[in-house]
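Residue numbers start from 1 in every chain, and the chains themselves are labelled A, B, ... in the order their sequence lines are given, proteins ahead of strands.
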Amino acid sequence: MLKRTCTCGELTRDRLGDEVILNGWVDGRRDHGGLIFIDLRDRYGLTQVVFEPGSPDAADLADPLAAAHSLRNEFVVAVKGVVNARLPGKENPKLKTGAIEVRAVEFEILNASPTPPFEIQGAEANEELRLKYRYLDLRRPALQAVFELRHRLTQLMRNTMSELGFWEVETPILGRSTPEGARDFLVPSRVKSGDFYALPQSPQLYKQVLMVAGFDRYFQIARCFRDEDLRANRQPEFTQLDVEMSFVEHEDVMSTMEILVARLAKEFAGETLALPLPRIDYHDSMERYGNDRPDLRFGMEIRDLADVAAKTDFKVFQAALAEGKRVRGLCAPGGGTRYSRKDLDGLTEFIAGFGAKGLVWLKVEADACTGPTAKFFSPEVQAELRSKFDANVGDLILIVADESHVTSQSLSNLRLRLGLELSLYDPKAFRYCWVVRFPLLAWDAEEKRFAAEHHPFTMPLPEDLHLLDTAPSKVRAQAYDLVVNGEECGGGTIRIHDPAIQSKVFALLGLTPEQAEEKFGFLLSALKNGAPPHGGIALGLDRLVMLYAGLTNIRDCIAFPKTARGADLMTGAPNTVDPKQLRELRVRVVE
RNA sequence: GGGGAUGUAGCUCAAUUGGUUAGAGCACCGGCCUGUCACGCCGGAGGUUGCGGGUUCGAGCCCCGUCAUCCUCGCCA
């Protein structure tokens, strides 16, 4: 074959007169009858090739037009030719190689291709088709740019961690199923039939063992598996930068990771971060933003309105307060003029999806607030409400009265929707923060016991240790989440290395010492054998790529992603297997 | 498991209240064209309206079921 001497993205006027060979895909053909242009594409760019009979360069090509005429989009070809300057005024400023063209001397079709099911050059294509023909989809320059970014981001992580003294260590993919957390993907053992491996939800326990082993600083670009339902930002297998450090407290982990985050911000957002990044208490985040992953690109914070509500004649508010529920709201700048009655009905319906039974709205107008319930608010109460939000004429005050978690859920989602609809932020901006001091435990009403908010080895805050015995639900953890633009991009904790504290936590989780031993025996044993104080974090690599690439969907930054039902449309996985395979594994499919 | 949206030509979409032979742009095929780069011009081919049933004189449109994709609640230590 004619092997390439250069790529389709590199030729400029510096190479005029050179004979070169290009390899690539036909990106387009412009057939003028007596003169044919072919755009040749590879990962590096696009180069125009000209087939012109009678040109002195084409002397060796018997019938250049017939040759070029037979080419179709996505054919793989090799072209030998001479680098020529384009005719004056015919340069294409949109291309890196737009000043030159290659006059074909010789060419070879390396592979033909049928008409693609969608246009590689076009922007639009049904995602189902794109996933089925992923090799064509991934040929598109926009997708290739994402994967170049992903590569650079991964390299920056590796290099930074290495530079900071971390060792990259691989941990098993076939591991042990452990309770708590997400549903495991299970792999049947053939040798020990009836038993199963589990794919790691994260390398959590292994990395703690590495700390006991004295590795001191560990990282891994780790694949993790969780058998839970998918979302726009969630895949059943995903990649984390997994990190663990010895002899540290939570501030050490955060400040170390901030070095990396600052480099990411510099490289991929062109921004110099002010360190340390803001820390927000979990409790504050829930109060002000209604969730534990605040989007700090805009304000419009949620306010508690219990005191104002108490002064209204509105029975819904009075009843809610009497029942110990909460009244909270937010003020959308310009929302009063922007939203019609019908839009507001839409917002009410929107929050109904989060369990809210109603939405009280008040448009702030020059002399008074208006709305169906405005009559319950005296002028004094209206004034108090306006001042609480620093509301201006044209704003929209939205209030929800309900159980605390319902007000949080509905208002946080309302806030995000309004922020987008009212263009309250620059979609290209990045805002980072740490959410800290999470509760250690969450009450599981169904199971009537506490469940670990993060995982069962999370260390309480020192000042809350005494509450383990008296008020476990009030104990806060040495846990921290990295949040970027309202997206949870990482989370970690300091681990318990004191057996006494660990026993107490297990007891709160409803685990007897025997059960704990059975489920986590290897880790407990390791922790007893000279475990250093340690802690770590994992960053969601896919999500970071998604954010920096400006994507709203995690599938677009994973080479071979799965659909919402966990299917790989290209390979057809998951699929049925040969009964012989099942027999070997002693696995039977139950109808 | 629940809720919502979508499914019409290879692709992206249209098709009035249920009413003639289901259209357009792009792509594709053929012809013409020596400076295009979203080439242009002329012509052509291309449809199980996701699938199955039903209502109706008549269904792309209405009803029931089903499948797939997307968003979402639950779930995701």
**OP:** Can you tell me the pairing partner of G35(B) across any strand shown, Watson-Crick or G-U wobble, with both distances under 3.5 angstrom?
**Re:** none
Original post:
What is the nucleic acid contact for Arg231(A), judged by heavy atoms within less than 4.0 Å: base, sugar-phosphate only, or nothing?
Top reply: base
Original post:
Are the charged groups of Arg234(A) and Asp229(A) less than 4.0 angstrom apart, N to O?
Top reply: no
Original post:
Base, sugar-phosphate, or nothing: which does Thr178(A) touch, judged by heavy atoms less than 4.0 Å apart?
Top reply: nothing
Original post:
Which base, if any, makes a Watson-Crick or G-U wobble pair with U66(B), both distances under 3.5 Å?
Top reply: G50(B)
Original post:
Where does the angle between the aromatic ring planes of Phe354(A) and Phe350(A) fall among parallel (under 30°), tilted (30 to 60°) and perpendicular (over 60°)?
Top reply: perpendicular
Original post:
Do NZ/NE/NH1/NH2 and the carboxylate oxygens of Lys90(A) and Glu101(A) come within less than 4.0 Å?
Top reply: no
Original post:
With sugar-phosphate meaning primed atoms plus P, OP1 and OP2, does Gln204(A) contact a base, only sugar-phosphate, or nothing at under 4.0 Å between heavy atoms?
Top reply: base
**OP:** Determine the contact category for Arg130(A): base if any of its heavy atoms lies under 4.0 Å from a base atom, sugar-phosphate if only primed atoms, P, OP1 or OP2 are that close, otherwise nothing.
**Re:** nothing
Subject >> SB check Glu488(A) Arg293(A) (cutoff 4.0 Å) >> reply: no
Original post:
Per the atom types in the model, does the base of G7(B) pair as donor or acceptor with the side chain of Asn126(A) at under 3.5 Å?
Top reply: no
Subject >> Strand-adjacent residues in residues 558-566 of chain A, judged by heavy atoms under 4.0 Å from RNA chain B >> reply: Thr563(A), Ala564(A), Arg565(A)
Original post:
Are Arg130(A) and Asp556(A) ion-paired here, with the side-chain N under 4.0 Å from a carboxylate O?
Top reply: yes
Check nucleotides 3-6 of chain B for protein N or O atoms closer than 3.5 Å to its own N or O atoms and list the pairs.
none

**OP:** Whole angstrom is fine here: how far is it from CZ in Arg183(A) over to C1' in G74(B)?
**Re:** 11 Å
Original post:
Which base, if any, makes a Watson-Crick or G-U wobble pair with G43(B), both distances under 3.5 Å?
Top reply: C29(B)
Subject >> Between G19(B) and U66(B) - C1' atom distance, rounded Å >> reply: 29 Å
Subject >> Ion pair check, Lys96(A) and Glu10(A), cut-off under 4.0 Å >> reply: no
**OP:** Give one of base, sugar-phosphate or nothing for Leu230(A), where a contact means two heavy atoms less than 4.0 Å apart.
**Re:** nothing
Original post:
Quick one: do the Asn92(A) and Gln48(A) side chains pair a donor with an acceptor below 3.5 Å?
Top reply: no
Subject >> Contact pattern, 5' to 3', of nucleotides 35-41 of chain B - B, S or - by protein heavy atom under 4.0 Å >> reply: BBBSB--
**OP:** Please confirm whether the backbone N or O of His283(A) pairs with a side-chain atom of Asp281(A), one donor and one acceptor, at under 3.5 Å?
**Re:** no
Original post:
Salt-bridged, Arg13(A) to Glu91(A), with N to O below 4.0 Å?
Top reply: yes
Original post:
When we call it a touch if two heavy atoms are under 4.0 Å apart, what does Leu46(A) touch: a base, just sugar-phosphate, or nothing?
Top reply: nothing
**OP:** Could you tell me how the ring of His250(A) sits relative to the ring of Tyr480(A): parallel (under 30°), tilted (30 to 60°) or perpendicular (over 60°)?
**Re:** parallel
Original post:
Does a salt bridge link Glu128(A) with Lys132(A), judged by any charged N lying under 4.0 Å from a carboxylate O?
Top reply: no
Original post:
Heavy atoms under 4.0 Å, any strand shown: does Glu119(A) hit a base, just sugar-phosphate, or nothing?
Top reply: base
Original post:
Thinking salt bridges, do Glu514(A) and Lys519(A) make one under a 4.0 Å N-O criterion?
Top reply: no
Original post:
Going by modelled atom types, is there a donor-acceptor pair between the base of C76(B) and the side chain of Arg226(A) at under 3.5 Å?
Top reply: no
